[in-house]
Amino acid sequence: MPAPAAPAAGKGRIEGRAAAGAIVMLEPKTPHEFPPPETAAMDQVSRTFSPPLLIVRTGAAVEFWNSDDTLHNVHVGNTDTGEPAFNVAIPTGEVYRYTFTKNGLYHVACDVHPEMTADIVSVSTPFAVQTGPDGAFVFDDVPPGSYVVRVIAGGRTSERDADVVSGSNNVRVP
């Protein structure tokens with residue numbers, strides 16, 4: 001296994017472990033300027049949404065593609081509030097763009113094919129990942145400062161404070 005990359009000058013590298021498949025976010029306690037978010041994409045193919053979990057930056061456009069050979073709809077709502085985001089039909093080969101304006105967990109479904117489901121997590125920080133089978137996570141090039149580490153696993157959310165310094169940082173999560 002290669003040695004971890006050194007963080008950019010003056011930046012921190014955060015390493016830690018959480019539950020397998022958990023969503024881990026590192027949110028600054030004070031406002032930070034981050035590069036603009038990139039467009040994200042979710043596709044419909046073989047009667048599945050891909051990827052099954054998409055982490056997006058709040059304020060970024062998300063493209064919903066239909067690469068399947070049948071008409072699908074995309075029905076999205078906020079899991080916590082029950083507030084609908086949108087419900088649109090997407091013909092084969094077409095795309096629908098939507099921008100999530102609020103942080104949160106969103107459930108995605110196709111009303112035509114109930115077996116088709118996925119989830120989207122919209123977060124304001126660029127530091128958000130889903131852990132792998134071993135629960136490990138890494139954030140590179142984190143500006144030094146005070147953060148909240150938020151973990152979503154098994155339908156529960158936990159958090160703790162973390163101070164990031166230049167260089168390597170290990171974070172214990174709840």
Side-chain angles (χ1 to χ4, degrees), residues 4 7 11-32 34 37-44 47-64 73-87 98-111 113-165 168-174:
K11 304 278 180 118
R13 176 184 175 92
I14 309 301
E15 299 182 60
R17 283 200 193 284
I23 299 164
V24 181
M25 296 166 271
L26 187 63
E27 300 173 345
K29 286 186 169 186
T30 58
H32 274 69
F34 294 114
E38 295 181 12
T39 299
M42 180 173 278
D43 201 352
Q44 297 167 94
R47 290 192 180 184
T48 61
F49 286 105
S50 181
L53 174 70
L54 181 64
I55 300 172
V56 302
R57 289 267 305 275
T58 303
V62 179
E63 294 181 342
F64 293 88
N73 80 307
V74 179
H75 189 168
V76 178
N78 187 298
T79 302
D80 295 326
T81 66
E83 179 182 347
F86 64 90
N87 187 356
Y98 181 82
T99 300
F100 289 88
T101 59
K102 296 179 183 176
N103 289 354
L105 177 62
Y106 293 84
H107 185 68
V108 182
C110 173
D111 297 329
H113 306 101
E115 70 277 11
M116 290 178 63
T117 64
D119 291 298
I120 294 174
V121 180
S122 182
V123 295
S124 55
T125 176
F127 304 112
V129 295
Q130 182 178 29
T131 64
D134 64 353
F137 63 90
V138 174
F139 297 114
D140 283 315
D141 298 327
V142 178
S146 295
Y147 291 81
V148 173
V149 179
R150 187 165 288 119
V151 179
I152 302 172
R156 295 179 34 175
T157 301
S158 57
E159 60 184 50
R160 72 175 302 250
D161 292 342
D163 289 321
V164 175
V165 296
S168 184
N169 297 257
N170 286 315
V171 175
R172 296 178 64 111
V173 296

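Numbering starts at 1 and runs along the sequence shown.
The minimum heavy-atom distance between A153 and A22, with the atom names listed, is CB-CB, 3.8 Å. Here the closest non-hydrogen pair linking T131 and G21 is OG1-N, 2.9 Å. Across every non-hydrogen atom of P37 and R57, the tightest pair is CB-CB, 3.3 Å. When every heavy atom of I55 is checked against every heavy atom of Q130, the shortest pair comes out as CD1-N, 3.7 Å.
Between the CD1 atom in I152 and the CD atom in E159 there is a gap of 10.5 Å [rounded to 0.5 Å]. If you take CD on E15 and CG on N169, they are separated by 9.0 Å, rounding to the nearest 0.5 Å. In this structure, R150 CZ and I23 CD1 are separated by 12.5 Å, a value rounded to the nearest 0.5 Å. A distance of 5.5 Å separates CD1 in I120 from CG in L54, rounded to the nearest 0.5 Å. If you take CZ on F127 and CG on L26, they are separated by 6.5 Å, rounding to the nearest 0.5 Å. Taken from NE2 in H75 to SG in C110, the straight-line distance is 11.0 Å, to the nearest 0.5 Å.
Side chains of N87 and N73 form a contact here, defined as non-hydrogen atoms less than 4.5 Å apart. The shortest side-chain heavy-atom distance between V164 and K11 does not fall under the 4.5 Å cut-off. Residues V24 and F139 are in side-chain contact: their nearest non-hydrogen atoms beyond the backbone lie under 4.5 Å apart. Between T39 and E63 the shortest side-chain heavy-atom distance falls below 4.5 Å. Using a 4.5 Å heavy-atom cutoff, the side chains of V121 and Y106 are not in contact. Using a 4.5 Å cut-off on side-chain heavy atoms (C-beta onward), V142 and Y147 make contact.
Side-chain contact check for N103 and T58: at least one donor-acceptor pair (N or O, by modelled atom type) lies under 3.5 Å.
Note on ring orientation: taking the six-membered ring where Trp is involved, the planes of H32 and F34 are parallel (angle under 30°, cut-offs 30° and 60°). Ring planes of Y98 and F86: tilted class, angle from 30 to 60°.
In this structure A20 satisfies the side-chain contact (heavy atoms from CB on, under 4.5 Å) test with no other residue, sequence neighbours excluded. Here R47 pairs with nothing under the salt bridge (Lys or Arg N to Asp or Glu O under 4.0 Å) rule; sequence neighbours left out. Listed by chain and residue number, nothing satisfies the side-chain hydrogen bond (donor to acceptor under 3.5 Å, both in side chains) test with E38 (two or more places apart in sequence, or in another chain). Residues passing the side-chain contact (heavy atoms from CB on, under 4.5 Å) test with P144: none are found, sequence neighbours excluded. Partners of F49 by ring-ring contact (aromatic ring centres under 6.0 Å, His included), not counting sequence neighbours: none found. Applying the side-chain hydrogen bond (donor to acceptor under 3.5 Å, both in side chains) test to D163 and every residue at least two apart in sequence or in another chain returns S146. The side-chain hydrogen bond (donor to acceptor under 3.5 Å, both in side chains) search around N170 returns none, not counting sequence neighbours. Listed by chain and residue number, N78, E83 satisfy the side-chain contact (heavy atoms from CB on, under 4.5 Å) test with T81 (two or more places apart in sequence, or in another chain). Considering only residues two or more places apart in sequence or on other chains, T99 meets the side-chain contact (heavy atoms from CB on, under 4.5 Å) condition with A61. With sequence neighbours left out, H113 forms a ring-ring contact (aromatic ring centres under 6.0 Å, His included) with H72.
Remark: R13 does not engage D141 in a salt bridge, criterion side-chain N to carboxylate O under 4.0 Å.
Contacts classified as salt bridge (Lys or Arg N to Asp or Glu O under 4.0 Å) and involving residues 117-126 (residues at least two apart or in different chains) are not found.
Around the NZ atom of K102, the shell of radius 6.0 Å holds no more than 12 heavy atoms that belong to other residues, nucleotides or ligands.
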